[in-house]
There are 2 protein chains.
Amino acid sequence: MISTEERIHEAALRLFSERGFEATGIREIANEAGISIASLYHYMTTKEDLLVNIMEYGLSRLIAAAELVSERTAGPISRLASLIQLHVWVHGVGQKSASVVDTEYRSLTGERLERIREMRDRYEGIWRSTIQEGVSIGCMDVPEPKLASFALLEMCTGVSHWYSANGELSLSYIGESYANYGLDLVRARVDGNTVTVKDLIIPRTADLYREAEMRVNASAPPA
Amino acid sequence: MISTEERIHEAALRLFSERGFEATGIREIANEAGISIASLYHYMTTKEDLLVNIMEYGLSRLIAAAELVSERTAGPISRLASLIQLHVWVHGVGQKSASVVDTEYRSLTGERLERIREMRDRYEGIWRSTIQEGVSIGCMDVPEPKLASFALLEMCTGVSHWYSANGELSLSYIGESYANYGLDLVRARVDGNTVTVKDLIIPRTADLYREAEMRVNASAPPA
DNA sequence: GTCTATAAGCCGATAGAC
DNA sequence: GTCTATCGGCTTATAGAC
């Protein structure tokens, strides 16, 4: 049995990701969830709140998983490769959630925008500090770590724009390829030699994300 | 003197890029252009047509410039580096136009969507074939050229999400850095050695784009 | 928790005068 | 080429019964 609350969450997620927040009416959400508009307002305060909840839930799982990556990897190179695989995985498996988080930013206002912005900044900080550490240790070589982190983040985020589960390439293959792209991009070196994902010991992305999801759900259950 | 038509185009461009197509009302467009709603309809047929015109104009300039790149560069390595610098430049200087082209896709319907999709596919084809040629010649080494072209395109497109003319890094510096990222990512090699943009002879991006813009405006003047 | 009914206002688009 | 006035419908959100 799936609760009304969950049906609303899923209806909004599908509609927001396919048509966009502004183009989605509360009638459509109520209709897809199988309830009336008035009932919908029993579960939410405003349409924007529904959006914020979706974005907050998606971001908190992503951040929790990225923090797990930091705990479970040995150095900047493994950490970056694992962060890339995680980000690609999230943007493929949770395509709808990821695309809402990435694109509906401008529909937020005031304090809600600030909250989401802080979460995004925190996540970006994990990437940036990973590359900065790699450069300062000397196992990466890139002039502007911040610029490189933006480049890699946008590259991985883009997966949600074109990935299809029915496509030729599996998500894990894409993730591994992108991790190799990332290692080349930051000129990762161990003992002067180039590195690929196959040379590294990296936690399994799907397991790691599942664990992060459980942590988040334990502290604040999904809508 | 700036014509009413141009004022409408610029108003729509600013509003669509800041708030999104769906969130922008024709009242706002008319107001910002300094005319009435009824007058607005003297210059356009529907709101969606206004969007299509903006997207078509932006894409046609980008494609014309990319084709100029192909004419003016000697091999796949120089061509890819030049395509990257062009794409970054367009997404920084023409941030508004680029973000509308990239994000308002889902507001298009029917034949209009098809027209824009074809243009985008044509542009992506130029990138893909450049990397494919590099791999087949042997000066690049990447398992899936198509995947690498998606990765690089999304990386460069992302510049429009965070770039600011007031920021620390100049757009030409970002473009050159990204081109170097790209050459590392596809493992570009000349005589077995890695390559950077400084080793290459590449047309000046701004000049090249200006020339492409003139070509487009000569065949179909801007709105 | 769910509903019907409705408020109050904005939406894209048009008619028709000047 | 520009305007005022307006149409019909859709928007988010609420009141109040069950």
Side-chain angles (χ1 to χ4, degrees), chain A residues 1-55 100 104-113 221-223, chain B residues 1-56 100 103-113 221-223:
Chain A
M1 275 320 274
I2 166 170
S3 72
T4 304
E5 207 162 19
E6 284 167 335
R7 270 186 291 123
I8 292 170
H9 185 91
E10 282 186 20
L13 188 56
R14 191 182 78 79
L15 290 163
F16 288 169
S17 68
E18 283 179 14
R19 309 181 193 184
F21 174 75
E22 299 285 356
T24 301
I26 52 169
R27 268 162 195 74
E28 297 171 282
I29 300 171
N31 202 52
E32 179 134 335
I35 54 171
S36 69
I37 297 173
S39 296
L40 179 60
Y41 274 91
H42 177 76
Y43 294 93
M44 69 178 203
T45 55
T46 63
K47 195 177 87 163
E48 191 185 334
D49 254 326
L50 198 53
L51 175 61
V52 172
N53 286 341
I54 287 174
M55 294 180 79
V100 170
E104 299 300 347
Y105 218 72
R106 61 184 163 196
S107 297
L108 298 177
T109 57
E111 182 263 347
R112 295 184 244 234
L113 173 61
Chain B
M1 274 321 269
I2 165 171
S3 72
T4 304
E5 207 162 18
E6 283 167 336
R7 271 186 292 123
I8 293 171
H9 185 91
E10 281 186 21
L13 188 56
R14 191 182 78 80
L15 290 163
F16 288 169
S17 68
E18 282 179 15
R19 308 180 193 185
F21 174 76
E22 299 285 355
T24 301
I26 51 168
R27 274 161 191 78
E28 296 171 281
I29 300 171
N31 201 51
E32 179 134 335
I35 54 171
S36 70
I37 298 172
S39 296
L40 179 60
Y41 275 90
H42 177 77
Y43 293 95
M44 69 179 201
T45 55
T46 64
K47 197 177 85 161
E48 193 185 332
D49 255 326
L50 197 53
L51 175 62
V52 172
N53 286 341
I54 287 174
M55 295 179 79
E56 223 161 10
V100 170
T103 66
E104 299 300 348
Y105 217 71
R106 60 185 162 195
S107 296
L108 298 177
T109 57
E111 181 264 347
R112 295 183 244 234
L113 173 61

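Side chains included, hydrogens not; waters and symmetry mates left out as well; all remaining heavy atoms used.
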For atom [atom1] of [X] and atom [atom2] of [N], their distance in whole Å:
| X | N | atom1 | atom2 | result |
| --- | --- | --- | --- | --- |
| B:Arg7 | D:dG1 | CZ | C1' | 12 Å |
| A:Leu15 | D:dT11 | CG | P | 12 Å |
| A:Leu40 | C:dC3 | CG | C1' | 13 Å |
| B:Glu6 | D:dG1 | CD | P | 13 Å |
| A:Asn31 | D:dT11 | CG | C1' | 16 Å |

Evaluate A:Arg112 against A:Leu51 for side-chain contact (heavy atoms from CB on, under 4.5 Å), listing each step before the verdict.
CA-CA 10 Å; A:Arg112 295 184 244 234; A:Leu51 175 61; over 6 Å; no
Give the minimum heavy-atom separation between A:Ala11 and A:Ala33, together with the two atoms involved.
CB-N, 4.2 Å
Heavy-atom pair of closest approach, residues A:Ile26 and A:Met44:
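Shortest heavy-atom contact: CG2-CE, 4.0 Å.
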Check the pair B:Glu104, B:Ile54 against side-chain contact (heavy atoms from CB on, under 4.5 Å), reporting the backbone distance first and the verdict last.
CA-CA 11 Å; B:Glu104 299 300 348; B:Ile54 287 174; over 6 Å; no
Does the protein touch nucleotides 4-16 of chain C at the base, only the backbone, or not at all? Give it as B, S and - per nucleotide, heavy atoms under 4.0 Å.
B------BBBBB-
How would you list all residue pairs meeting ring pair (Phe, Tyr, Trp, His ring centres under 6.0 Å) that involve residues 21-47 of chain B, not counting sequence neighbours?
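Of all non-adjacent pairs touching residues 21-47 of chain B, those that pass ring pair (Phe, Tyr, Trp, His ring centres under 6.0 Å) are B:Phe16-B:Phe21.
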Partner residues of A:Glu32 under the side chain to side chain donor-acceptor pair (under 3.5 Å) criterion, sequence neighbours left out
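For A:Glu32 the side chain to side chain donor-acceptor pair (under 3.5 Å) partners, ignoring immediate neighbours, are A:Arg14.
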